[in-house]
Number of protein chains: 2
Amino acid sequence: MRPPSVSDVARRAGVSKATAARVLGGYGRVSAAIHAAVSAAAAEIGYRPNELARSMTTGRSDTIGIVVGDIANPFFAVAVHAMSQVLRAEGFGVLLANSAESLAEEKAAIDTLLGRRVDGMIVSPADMRESSHLRAIVDSGVPLVQFDRCAAGLAVAGVTADDRDVAAEVTHMLIRRGHRRIAYFTACETDSGRFSDLEEIGTGSVRERIAGFLAAGEGLEDTALEVVVGAVGAKRAQSLATEVLSRGAEAPTAMIASDSTIGLGLYTAARAAGIAIPQALSLVTFHDADWTAIAHPGITVISQPARRLGEEAARMLIRQIQTGDGTCAHRVVPCRIIPRGSVGDGPVS
Amino acid sequence: MRPPSVSDVARRAGVSKATAARVLGGYGRVSAAIHAAVSAAAAEIGYRPNELARSMTTGRSDTIGIVVGDIANPFFAVAVHAMSQVLRAEGFGVLLANSAESLAEEKAAIDTLLGRRVDGMIVSPADMRESSHLRAIVDSGVPLVQFDRCAAGLAVAGVTADDRDVAAEVTHMLIRRGHRRIAYFTACETDSGRFSDLEEIGTGSVRERIAGFLAAGEGLEDTALEVVVGAVGAKRAQSLATEVLSRGAEAPTAMIASDSTIGLGLYTAARAAGIAIPQALSLVTFHDADWTAIAHPGITVISQPARRLGEEAARMLIRQIQTGDGTCAHRVVPCRIIPRGSVGDGPVS
DNA sequence: CTGTTAGCGCCTTCAA
DNA sequence: TTGAAGGCGCTAACAG
């Protein structure tokens, strides 16, 4: 049961293979009569072009590879959705791969995609410190756009949010409100289990945020700013927060969550400990998740333009493919702070 | 800059194309010495097999097509994630397509995937009433597994939740608690904008749920059960709910949301109207979204086994591909009701 | 306008 | 064990 090919159509229509191919492929000129005959023959036997074979000769696969950390993460889900829409509109299919935020899996995925001869790639590098595999993409002549994070020392296009700036802005706001003990929670892990150096943070976007956070706190006492790592999942975030909040006078009066899953953990921890938000604790989280609007009080969030970021990345890639232009434009899309009531005055106000 | 091919490697290693192909493709027998030489040559020039060409001759693409309504929907996001994991472990890549719950887009996506010669497909039919395009997949000899919903009158494998049963169970529970006015909210649309017949509901899973809902209410007065359609998105769900709740004595005392987005809209509407949950209104929603746990009171939910469903579908497809077995097994995975406090007694208790 | 011919990169006979 | 030749389905260059 081999699917019908151009030859089959040609034979049935009584024309040469080339002629049939022309009408089937929609290129070259063919007389109306023959065109109709071939189309009819094709429809009769249910012909469908073999895109693989087509790719072989054209060199294009009309397929884009996308590698993200976790499709189940709403941020990526929305972004991927946006990318697909833009890409589909331009006639590209999408080959999706999950890296589970693991460098090894990311490498494997990229390898597979290169083997499939994708026309371009959008990748969210799991670790900004390793970029050899990304360089391999570029060396293969495949257009690449980094998404949400950028690898260090790699002259490749990218689309990111203004992580550093918005983190600094939020931190400044908290300081202005009188907070002098602020904790930033991230899912990133370090070898020691504690944070000591920015270099330990592999996720580019998170590193940027922490950089902004720390920069905003310059001039304050050493104890003012704290980074808590390893908050993987709501449960772990909750237990870490519970621990931190139990320090009494040493406990932070404000917390920033690096994603909404963590935010949920922090919120739950505060409630469980009977700590009032925003009177005794201020809370801000990245990502405008559902729950933040119905929590009591509503949670002040840093809304990430996931859709816009995705669209922008897709467009940037398309441009790169179409113009063959290798300029490594770097686009930054601003986040938006949505105040909802979870931020109150600190002790120094 | 054409990527290196077997010929290039062969030339560099000083052997014939066939020999190089044998070691590169990992088939046939080659002497150790030559094997090493070829491998070395391949590494030096950065050879990477062209999977497209390979597919041309083998007939397999090692790629699976997945078509779902909306990747940004957490249910599908989790399911797709699970599918990819299982498929990747078996060496398959994933070609993902969004149908936006539109039949036309679904058809287009399937067409593209067939053109790309995928080895199998997993599809969530947008409309169970139309199955010609699904039949085309089967006719092409491509293994197919339906996901979450099944098209009517199509002997094709599928994995679904026990939508009808669990909907009936929840409805029975509400009736037992004394509710005699229960409304079911769905995002599905009908021509008239109101619900009159099960046949109008195109989404298979939703139709099943409504069937269970209605079956559970048999014997009650005609006014007892109501189906509200067109609750697309939280906002629209909220306004529809507000309208329904403003009926005074005629208003439902219990509501069931067909997904968590709708649930959020209903919850918000109730709060805005100052209607106490569960004292004056009971609420149940499909999908165990994170907001349901922190709402006040916690929302009783019907938890869908998204991950399990996805894994199961992937495994079923793999089995079908490997054994060439065309049996149309139909697997049903049970949902789980998680009581959280949003269900109270109705007037008749 | 139409047909002939020659590849794309790989796998797969068939001989040697 | 190795090499030469042919073909998968399609496009592309060249004649006619």
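What's counted below: heavy atoms across the whole structure, side chains too, no hydrogens, waters or symmetry copies. Convention: sequence-line order gives letters A, B, ...; per-chain numbering from 1. Source: prediction; values computed, not measured.
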- [ ] Please report, rounded to the nearest Å, how far the P atom of D:dC10 is from the CZ atom of A:Arg11.
- [x] 12 Å
Task: Whether B:Glu106 side chain and B:Ala126 backbone form a donor-acceptor pair below 3.5 Å - done: yes
Open item on the list: Between the side chains of B:Arg54 and B:Asp62, is the shortest nitrogen-to-carboxylate-oxygen separation below 4.0 Å, so that they form an ion pair?
Closed with: no
Open item on the list: Between B:Arg331 and B:Glu311, does any NZ, NE, NH1 or NH2 come within less than 4.0 Å of an OD or OE carboxylate oxygen?
Closed with: no
TODO: Using a cut-off of strictly less than 4.0 Å, decide whether B:Arg54 has a side-chain nitrogen or oxygen near OP1 or OP2 of C:dC11.
DONE: yes
- [ ] Round to the nearest Å and state the distance from B:Arg60 atom CZ to D:dG9 atom P.
- [x] 16 Å
TODO: Go through D:dG3, C:dG9, C:dT4 for me and flag the one nearest to the B:Val6 side chain.
DONE: C:dG9
Task: N or O in side chain of A:Thr58 less than 4.0 angstrom from D:dC10 OP1/OP2 - done: no
Task: Any donor-acceptor N/O pair under 3.5 Å between D:dG9 base and A:Arg48 side chain - done: no
Task: Backbone of B:Glu105 reached by a side-chain donor or acceptor of B:Ser102 within 3.5 Å - done: yes
TODO: Consider the side chain of B:Pro49, meaning its heavy atoms from C-beta on, and name the nucleotide among C:dC10, C:dG3, C:dG9 that approaches it most closely.
DONE: C:dC10
TODO: May I ask you to evaluate whether B:Arg29 reaches the phosphate of D:dT1, defined as a side-chain N or O under 4.0 Å from OP1 or OP2?
DONE: no
Task: Given C:dT2, C:dC10, D:dG3, the nucleotide with the shortest approach to the side chain of A:Ser31 - done: C:dT2
Open item on the list: Side-chain N or O of B:Thr19 versus OP1/OP2 of D:dG3: is the shortest distance under 4.0 Å?
Closed with: yes
Task: Rounded interatomic separation in angstrom, taking CZ from B:Arg22 and P from D:dT1 - done: 10 Å
- [ ] Indicate whether OP1 or OP2 belonging to C:dC8 is found under 4.0 Å from a side-chain N or O atom of A:Thr57.
- [x] no
Open item on the list: Tell me the interatomic distance from A:Asp8, atom CG, to D:dG9, atom P, rounded to whole angstroms.
Closed with: 8 Å
- [ ] Using a 4.0 Å heavy-atom cut-off across all strands, classify B:Ile34 as base, sugar-phosphate, or nothing.
- [x] sugar-phosphate
Open item on the list: What is the distance, to the nearest angstrom, from the CE atom on B:Met56 to the P atom on D:dG7?
Closed with: 14 Å
Open item on the list: Using whole Å, what does the distance between atom P of nucleotide C:dC8 and atom CG of A:Asn50 come to?
Closed with: 18 Å
Open item on the list: In this structure, how many angstroms lie between the P atom of D:dG9 and the CD atom of A:Glu51, rounded?
Closed with: 14 Å
Open item on the list: Would the base of C:dG9 count as contacting B:Arg2 through its side chain, where contact means a donor and an acceptor less than 3.5 Å apart?
Closed with: no
TODO: Provide, to the nearest angstrom, the distance between the NZ atom belonging to A:Lys17 and the C1' atom belonging to C:dT4.
DONE: 10 Å
Open item on the list: Looking at C:dC1, I'd like to know if its phosphate oxygens (OP1 or OP2) sit under 4.0 Å from a side-chain N or O belonging to A:Tyr27.
Closed with: no
Task: side chain to side chain contact (heavy atoms under 4.5 Å, CB included), paired with A:Val9, selected from A:Thr19, A:Ile45, A:Val23 - done: A:Ile45
